[in-house]
Each structure stands twice: as C-alpha cells, then as structure tokens.
Amino acid sequence: MEQIKVKIINSSANALPAYETPSSAGMDLRAHLAEPVTLGPLERRLIPTGLRIELPQGYECQIRPRSGLALRHGISIVNTPGTVDADYRGDIGIIVINLSAEPYTITPGERIAQMVIKRYVKAEWEPTSILDETERGAGGFGHTGTA
C-alpha cells in the first residue's frame, strides 16, 4: 500500500487523525470547539477541526460523513464529499447538517466526519463533434435499472 507524508498543524487539543484499523481508508476528524454546539432539525453549521494540512501535488483530501452519526442521529455533511485541495492552507471546517427531527449536540472533541486522502488526475479537454457510441448512449437517470 502506498504511503505519503502530509504536513499537519494541529491547533486543537485533540489527537491527530488516525486510521482505526489496518484496512481503514478514512481517518476520523474531531470537533475543535470551546463548548458544545446544538443543531436544530435541518440546521447546518461550520464546525472547525483545528487542523491545517499541506498535501503533495496530485492529492486531495475528501471529507465524508461518519456512517454511525448518519444512521443513529441523522447527522451528515452538506457538501459531501467535501474537497480540500493541495494548495489550501486554512483550517479544515466541516459543514455539518442535522437531517433528523430532533436537536443534536456536538461536543468538543467529538468525531464528526472522516477524511480520505486521494490521488487525482487532471483532464485535458479535447473538443470534438462526435463521441463513440455505447450500449447506453444518451440514456439518463434511471435508464440502466428499467429492465
């Protein structure tokens, strides 16, 4: 498995993100809060992590919801997956939303999201007037599940 070095500044009292198991793809991110924050139903809030990173060129950091919070409490991320670009140097903030009918309180240090470091490629557009034919063609939403 490939490993890369990523510089990190942690201005919170929380431990650095870590892989919980040898096969984990994501690392949990914790809320960097001075006091608990309560989200009402359908309310969203930017929650800081206190983390700043320097990714190598050709990598991004994806921010994703935690499945346990989503299942048990309806807590998710508005822009999932969020992307942290290699040239961003600010605090990693998580746009959390409460999709449940009940208020939910985020406590300082609570695991609120997970981050996955991914390699990416850049596309170079090649203008054309025709595209290769495929079995699907221009079939849109729901097209492949109609049989």
Side-chain angles (χ1 to χ4, degrees), residues 1-126 131 134 136-147:
M1 179 176 308
E2 179 184 0
Q3 291 190 344
I4 61 167
K5 296 274 187 192
V6 177
K7 292 181 181 179
I8 187 167
I9 296 174
N10 183 1
S11 61
S12 78
N14 301 321
L16 290 176
Y19 297 102
E20 296 295 324
T21 68
S23 294
S24 293
M27 297 175 269
D28 288 338
L29 296 176
R30 295 180 180 272
H32 176 50
L33 299 169
E35 57 190 36
V37 170
T38 299
L39 296 173
L42 299 179
E43 185 178 358
R44 64 187 178 273
R45 185 87 60 96
L46 180 64
I47 305 295
T49 64
L51 301 174
R52 296 168 48 209
I53 61 175
E54 183 178 323
L55 293 166
Q57 289 298 316
Y59 287 85
E60 66 161 326
C61 170
Q62 295 182 358
I63 308 299
R64 302 176 182 181
R66 291 192 64 240
S67 57
L69 276 180
L71 177 63
R72 290 190 286 281
H73 304 288
I75 303 302
S76 192
I77 298 173
V78 176
N79 62 324
T80 185
T83 296
V84 178
D85 293 309
D87 58 353
Y88 178 69
R89 297 294 185 265
D91 186 86
I92 296 174
I94 312 300
I95 307 171
V96 177
I97 188 166
N98 179 357
L99 297 174
S100 77
E102 303 295 325
Y104 182 80
T105 300
I106 299 171
T107 56
E110 180 175 352
R111 296 178 301 156
I112 57 169
Q114 59 180 328
M115 69 174 0
V116 175
I117 310 275
K118 299 284 292 176
R119 183 188 301 268
Y120 65 89
V121 298
K122 289 208 168 194
E124 180 180 333
W125 297 115
E126 182 181 337
L131 301 174
T134 67
R136 179 177 183 175
F141 296 103
H143 174 76
T144 59
T146 58

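The structure displayed is predicted, hence computed values, not measured ones. Numbering of residues begins at 1 and proceeds along the displayed sequence.
Between Gly26 and Gln114, the shortest heavy-atom contact is CA-OE1, 3.8 Å. The minimum heavy-atom distance linking Pro56 with Ala86 is given by the pair O-CB, 3.7 Å. Listed here is the closest heavy atom pair of Tyr104 and Asn98: N-ND2, 3.5 Å.
For residues 74-97, there are no ring-ring contact (aromatic ring centres under 6.0 Å, His included) pairs, not counting sequence neighbours. Sorted by first and then second residue, the pairs that involve residues 10-23 and meet side chain to side chain donor-acceptor pair (under 3.5 Å), not counting sequence neighbours, are Asn10-Ser12, Thr21-Ser24.
With a 4.5 Å cut-off on side-chain heavy atoms, Pro17 and Ile8 count as touching.
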Side-chain donor-acceptor pairs under 3.5 Å in residues 65-78, sequence neighbours left out?
from: Arg66; atom 1: NE; to: Asp28; atom 2: OD1; distance (Å): 3.4
from: Arg66; atom 1: NH1; to: Arg111; atom 2: O; distance (Å): 3.4

Which pairs would a plain distance check flag for residues 36-49, meaning a side-chain donor or acceptor within less than 3.5 Å of a matching protein atom at least two apart in sequence or in another chain?
from: Thr38; atom 1: OG1; to: Thr105; atom 2: OG1; distance (Å): 2.8
from: Glu43; atom 1: OE1; to: Gly40; atom 2: N; distance (Å): 2.7
from: Glu43; atom 1: OE2; to: Arg45; atom 2: NH2; distance (Å): 3.1
from: Thr49; atom 1: OG1; to: Leu51; atom 2: N; distance (Å): 3.2
from: Thr49; atom 1: OG1; to: Ile92; atom 2: O; distance (Å): 2.7

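Arg52 contributes a side-chain N or O that, together with a main-chain N or O of Arg89, makes up a donor-acceptor pair within less than 3.5 Å.
Taking CD of Glu60 as the start and CD of Gln57 as the end, the distance is 12.5 Å to the nearest 0.5 Å. Interatomic distance, Lys5 NZ to Leu55 CG, rounded to the nearest 0.5 Å: 14.5 Å. To the nearest 0.5 Å, atoms CG (Asp91) and CD1 (Ile53) are separated by 10.5 Å.
Not a single ring-ring contact (aromatic ring centres under 6.0 Å, His included) links His32 to another residue, sequence neighbours left out. The side chain to side chain contact (heavy atoms under 4.5 Å, CB included) search around Ala25 returns none, not counting sequence neighbours.
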